Protein chains: 2
Amino acid sequence: MEQSSQHTFAQPRRIGLTIARAGAEASPPQPPLAALEDFAVTVAIRKDAEIHAQGDRALYCYRIVSGCVRSVKLMEDGRRQINEFLLPGDWFGFEALETHDVAAEAVSETVLRRYPRRACDALAAEDVRITRWLLTLATDHLRSARDRMVALGRKTASERIAGFLLEMAKRMPNDRSGTVALPMSRGDIADHLGLTIETVCRCLAQMRRDGTIGLTRTSLMVRQRAALEAVADATRH
Amino acid sequence: MEQSSQHTFAQPRRIGLTIARAGAEASPPQPPLAALEDFAVTVAIRKDAEIHAQGDRALYCYRIVSGCVRSVKLMEDGRRQINEFLLPGDWFGFEALETHDVAAEAVSETVLRRYPRRACDALAAEDVRITRWLLTLATDHLRSARDRMVALGRKTASERIAGFLLEMAKRMPNDRSGTVALPMSRGDIADHLGLTIETVCRCLAQMRRDGTIGLTRTSLMVRQRAALEAVADATRH
DNA sequence: CGGTCGGTTGAGCTAGATCAAATCCAGTGG
DNA sequence: CCACTGGATTTGATCTAGCTCAACCGACCG
C-alpha cells in the first residue's frame, strides 16, 4: 500500500532549497549539509495517496517541495486525528523510531524530496550540525503540538477555527489581495481540530456572515484580522 | 514569582541517576555525560509551587529526582491544559527557546536536579552525544504529544480516562499489591484530559462500580487490565 | 444531462458541562 | 482523643455546545 501512487522523476536534482522556500513566510530550518541532497530523490504524490502508513518501517524522511501533506493517526473504528498540515519547506518522518507512528498522505498533488534515513544518520554521525538541525525540527514540532493540545482540550469550536485560519493565513503563500488557497477539505479541517464537518461549516458560515472572513470552497481571505485574533488568542502571554 | 518556595540543598551531589531510576519501569534516556552533573544543583519544591512560569527566560532545564511535576499552559480566562505529568527520571525545560512556553509546577513535594542551559549548550558543543540525547528526549515527547492529541481530539471521556489510568499504572512505581499512588488531584487529571472534574469523578466511579479498578482519593489499583485496555486502545496498530 | 461528491443548512439529540448539594477527610486546636 | 473547619471529592439535576441524521445544493465529470 505504501507509495502505491507515486512515481520517481528521473531528472531533477538540486532544485531543492529554492523551491522549498518559495512562499513560506517563516520557513522551517533547513539542513546545514548540501551533502544530504546527494542521497535524495524527488517524488510526485497524487492527491489523497499515502506517502507512508502508520506502522510502516521508517526508511525515509521527507521534505515538501510543493503541495500539502497531512500527518494522520487513525483509530480502529475510523476516527481520525490530523496532527498537522505540512507545507512547502516542511520536513516530516525524521522523528520516527523503527516505524512511523503516523501516516502521511497528500492533501493535494504534492512533490516531495525523499531522503533515506540511513544516509541521514550516517551524515549526522559525521557532522553535528545535522543532529542539531534535527533537534531544532523536533522541538519546533513539539511546541506547536502543545499549542494544539490547548486548542483540542480547552478551546471552543470558533476559537479553534479562528486560530486555524490565522495559522493558515500566515503559513500559506498569499497573493496580493490577501487571499490564500486552502488545500484541505472541510473534513480534513474537522479532523485536525477535533470537530465535525458540520460544525466547521457552521462556524465558517457565521464568520462570513459577520464579515470577518471571505470564503469560498477552496479559498480564504482574512478581512478583520483583529476580530479573528480576539477570538483565537485567549492564550496568556 | 519564580521559585519563590524552593530552597537549595547545600549538600547532595551525584546522588543523581540512582534515585532517578528508582521505580521507573521504562525510564527516559539519561544524558551520556556525567560532566553535566558538575553544573547541577539539587532543589526542593513545595507542592503547588511554580518551578518556572510561562514566558520566563529559559535559564535552566531540570530532571526530576522524586515527586511529580505538571507542565501547564494557561489561557487568559483561567482555562488550563496540562501537557504532561513528569515523573522521577523525566527531563523538562530542555526544549525551550529563549523563554519557556509552558509553566512547570510541582504536583507534590518534589526534588529536582537543575542544570544551567548555558552549561548544557556548552557541553553539547563539545560532545555530540549530548545533542543526540536531547534529540531523543524531544522526539519521545513529540510522539507522546501526538497520542494525546488523538485522545483530546477524538476520544470519549471514558476512553481518555482508561488510557490515563493505564499510563499511570505503567509509569508509577507500584507496590507488590499492584496499587499505585496517584499524586495529582482530580482537577489536574481533568485539565490533562480536557474534561471537567465532575466528569472525571463520574467515570472513575463507574469503573469502580464495574470492578475494573480499585480507587481511593489518592491511589489506584487496576483490577481488570484487559477491560481498561479494551476501552482505551481503539488506536489502530 | 444525470450522477457523484463535497459542502451547506435545518432539526433534534446527547455526552459532557454547569450549577448546586452533600460527603469526606486531613489537618488543627483543645 | 475528639470536635471543628476548609478544601477536595462525589453525586444529583439541569443545560448546552457540538454531534448526528437528513435533506438539499452546486460544481464538476463522463
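All values reported here derive from a predicted model rather than from experimental measurement. Residue numbers start from 1 in every chain, and the chains themselves are labelled A, B, ... in the order their sequence lines are given, proteins ahead of strands.
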*At under 4.0 Å between heavy atoms, what does B/Leu195 touch on the DNA or RNA strands: base, sugar-phosphate, or nothing?*
sugar-phosphate
*Pick base, sugar-phosphate or nothing for A/Ser185, based on heavy-atom distances below 4.0 Å to the nucleic acid.*
sugar-phosphate
*For B/Ser158 and A/Ile197, take the nucleotide of DNA chain C holding the closest heavy atom to each; which residue's nucleotide lies nearer the 5' end?*
A/Ile197
*How close or far is atom P of C/dG6 from atom CG of A/Leu204, stated in whole angstroms?*
17 Å
*Using 4.0 Å as the upper bound for N to carboxylate O, is an ion pair formed by B/Arg63 and B/Asp90?*
no
_Is B/Thr199 close enough to C/dG16 that one of its side-chain N or O atoms is under 4.0 Å from OP1 or OP2 there?_
no
*If the plane angle is over 60° it's perpendicular, under 30° parallel, otherwise tilted; pick one for B/His52 and B/Phe92.*
tilted
*Considering only NZ, NE, NH1 and NH2 on the basic side and carboxylate oxygens on the acidic side, decide whether A/Arg143 and B/Asp101 come within less than 4.0 Å.*
no
*Nearest to the side chain of A/Ala205 - C/dT9, D/dT20, C/dG6?*
C/dT9
_N/O (side chain, A/Arg217) to phosphate O (OP1/OP2, D/dA27) under 4.0 Å_ = no
*Between the base of D/dG12 and the side chain of B/Arg202, is there any donor-acceptor pair under 3.5 Å?*
yes
*Report the distance from atom CG of A/Asp188 to atom P of C/dC5, rounded to the nearest whole Å.*
16 Å
_Spacing of B/Ile161 atom CD1 relative to C/dA15 atom C1', expressed in whole Å_ = 13 Å
_N or O in side chain of A/Arg186 less than 4.0 angstrom from C/dT8 OP1/OP2_ = yes
*Atom CG of A/Leu152 to atom C1' of D/dG18: distance rounded to whole Å?*
15 Å
*asked:* Can you measure B/Arg79 atom CZ to C/dA17 atom P for me and round it to whole angstrom units?
replied: 13 Å
*Let me know the distance between CG of A/Asp77 and P of D/dT20, rounded to the nearest Å.*
11 Å
*Could you tell me whether B/Lys73 and A/Asp147 make a salt bridge, using a distance below 4.0 angstrom between a side-chain N and a carboxylate O?*
yes
*B/Arg154 CZ to D/dT20 C1': how many Å, rounded?*
13 Å
*What is the distance, rounded to the nearest whole Å, between atom CD of A/Gln206 and atom C1' of D/dA17?*
14 Å
*Is the shortest distance from a Lys or Arg side-chain nitrogen in B/Glu109 or B/Lys47 to a carboxylate oxygen in the other one below 4.0 Å?*
no
_Taking the minimum atom-to-atom distance to the side chain of A/Ala157, which one of D/dG18, D/dT20, C/dT9 wins?_
D/dG18
*Side chain of B/Glu198 only, please: which of D/dT11, D/dC21, C/dG7 is the nearest?*
D/dT11
